[in-house]
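Working notes, beginning with the structure itself.
Chain letters run A, B, ... following the sequence lines, proteins first and then strands; every chain starts at 1. Not measured: the values here are computed from a predicted model.
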Protein chains: 2
Amino acid sequence: MADITSDAVSTPRLSPSGPDQAIAEAGQPACRNAIPDADLLACVELLFFAYRDFTAGADAVLEEYGFGRAHHRVLHFVHRNPGMRVADLLDILKITKQSLARVLKQLIDKGFIMQRAGNDDRRERRLFVTAKGSRLAEKLTTQQSRHIENALSNAGPGAADFARRFLFAMITESDRPRVEALVKLASGMRAR
Amino acid sequence: MADITSDAVSTPRLSPSGPDQAIAEAGQPACRNAIPDADLLACVELLFFAYRDFTAGADAVLEEYGFGRAHHRVLHFVHRNPGMRVADLLDILKITKQSLARVLKQLIDKGFIMQRAGNDDRRERRLFVTAKGSRLAEKLTTQQSRHIENALSNAGPGAADFARRFLFAMITESDRPRVEALVKLASGMRAR
DNA sequence: CCAAATAAGTCAACATGGCTGACATAACCT
DNA sequence: AGGTTATGTCAGCCATGTTGACTTATTTGG
């Protein structure tokens, strides 16, 4: 394909302490002077470490059950949205049906999730966590919530609000309505 | 066949606006009243979506070069710490030598990274990005910085500072000094 | 009523990026 | 010289993503 050595791209620099307009081209026209590049770079790196450590705790718990992060995601969203369909899950996780099937099958076989044919449409398999699944989901969520809480607790009042707005703004714009509905309504999602 | 409508099923606790003590048992004795569980839960979920979308842009670029996220991390940190040793990289990434070797070799073979024997200790291989490697690293960093900037720009003044503190606090405590040194030194020790 | 569309499951094959264990090589240190 | 250290490498396993093709059950629409 394209020769990568060629300078097909702009290569806007972002050198340490470089002037702001380094990344101005193609950027938002407004509000482009507020944040130094070095601070943004710091955030990029911190986000990597933060996410790594954020997931580490849950990963350790999951390992005891023979599960991985993929199982966690499935369990979590089913827990949050009882009665959701497989298609809904695929939509949220943005993975293929086959990838989902692998972990979902294990969760069902081990008795953490169960499924029932839909009332209106019996092709659908509505997903529910079992009591066992609920316990694990809550154990994981509690741990992660506490992780966040500890991080926010030193950041003063309004920290949670701020974090929520920041994280929300990090989500791809076209996905925000869906995520917003998911996060806010959560258990009301099935009514549709 | 057990009817799933019976109460073997979920009972999704941690309901929005649920009482605090839902996760209070076995919790921290202090500072456990500030942030509603629903807000913490929201952050947990938002973090998942935010990180997914944050990495998506870079992933797309990397794919053009036949690289993955693992290559990105290596390239990034070598770019930020020219002359770093393999052992340093292993320490930061927390992966095995063999995992690193796989991607590092490809980056070297394709001319994005080069290595030179250390001056003092010639067993060491000091790592450097090439001009080509530098261009790619900056392209990726610029994109991610812009992503963060866009997210922060709507969050008012002090947003970057807040995000940095929040993300830093999310890092495992024992790792913070190392990360702090890494992030600060590389960006030129901004007075802050 | 039958054909097409839809929801879900499944098989096979493959890629990426973690992991372990074992071993090789070169350079350093005592 | 012998042991330690820094790095590289071979071989194989596992988790989790991918594509493509196909089946089954059910609903829907002409």
Check your understanding: Given the side-chain rings of Phe77(A) and Phe49(B), with only the six-membered ring counted for Trp, is the space between their centroids under 6.0 Å?
Key -> yes
**Asked** In terms of heavy-atom contacts, does CD of Glu173(B) have more than 12 from other residues, nucleotides or ligands at under 6.0 Å?
**Response** no
**Report entry** Backbone N/O of Ile171(A) and side chain of Arg176(A): donor-acceptor pair under 3.5 Å
**Finding:** yes
Under a 4.0 Å heavy-atom criterion, the protein footprint on nucleotides 25-30 of chain C, written with B, S and -, is --BS--
Counting any heavy atom closer than 4.0 Å, what does Gln115(B) reach on the DNA or RNA strands: base, sugar-phosphate only, or nothing?
sugar-phosphate
note: Asp109(A), atom CG; dG9(C), atom P; distance rounded to Å ~ 12 Å
Does atom CG of Asp109(A) have more than 12 heavy-atom neighbours, drawn from other residues, nucleotides or ligands, at distances under 6.0 Å? yes
Practice task
Report yes or no: does Thr130(B) contribute a side-chain atom to a donor-acceptor pair with the main-chain N or O of Gly111(B) at less than 3.5 Å?
Solution key: yes
Residues at least two apart in sequence or cross-chain that pass side-chain contact (heavy atoms from CB on, under 4.5 Å) with Lys110(A), listed by chain then number, are Phe67(A), Phe112(A)
side-chain contact (heavy atoms from CB on, under 4.5 Å) filter on His72(B), not counting sequence neighbours, yields Ala58(B), Leu62(B), His76(B), Leu140(B), Gln144(B)
Sorted by chain and residue number, the side chain to side chain donor-acceptor pair (under 3.5 Å) partners of Arg126(B) (sequence neighbours excluded) come out as Glu124(B)
Residues passing the side-chain contact (heavy atoms from CB on, under 4.5 Å) test with Ala137(B), sequence neighbours excluded, are Leu75(B), His79(B)
Within residues 47-62 of chain A, those residues having any heavy atom closer than 4.0 Å to DNA chain D are none
Those residues at least two apart in sequence (or on a different chain) that pass side chain to side chain donor-acceptor pair (under 3.5 Å) with Thr96(A) are Ser99(A)
Students should find that the nucleotides of DNA chain D closing off the region near chain B, any atom under 4.0 angstrom from a heavy atom, are dT5(D) to dC10(D)
Rounded to the nearest 0.5 angstrom, the CG-CG distance for Leu127(B) and Asp88(B) is 8.5 Å
When rounded to whole Å, the CZ to P distance for the pair Phe67(B) and dG17(C) reads 10 Å
Checklist entry - Just checking Arg126(B): base, sugar-phosphate only, or nothing, at a heavy-atom cut-off of under 4.0 Å? => result nothing
In numerical order, the residues of residues 90-98 of chain B whose heavy atoms come under 4.0 Å of DNA chain D are Lys97(B), Gln98(B)
For residues 93-104 of chain A, the salt bridge (charged side-chain N to carboxylate O under 4.0 Å, His left out) pairs (sequence neighbours left out) are Lys94(A)-Asp175(A)
- Cut-off 3.5 Å, side chains only: do Glu149(B) and Ser145(B) have a donor facing an acceptor? no
*Establish, yes or no, whether the cationic atom of Arg164(A) lies under 6.0 Å from the six-membered ring centre of Phe166(A) and within 45° of the ring axis.*
no
For Arg116(B), the side-chain contact (heavy atoms from CB on, under 4.5 Å) test, sequence neighbours excluded, returns Phe128(B)
Every protein N/O lying under 3.5 Å from an N/O of nucleotides 13-16 of chain C:
none

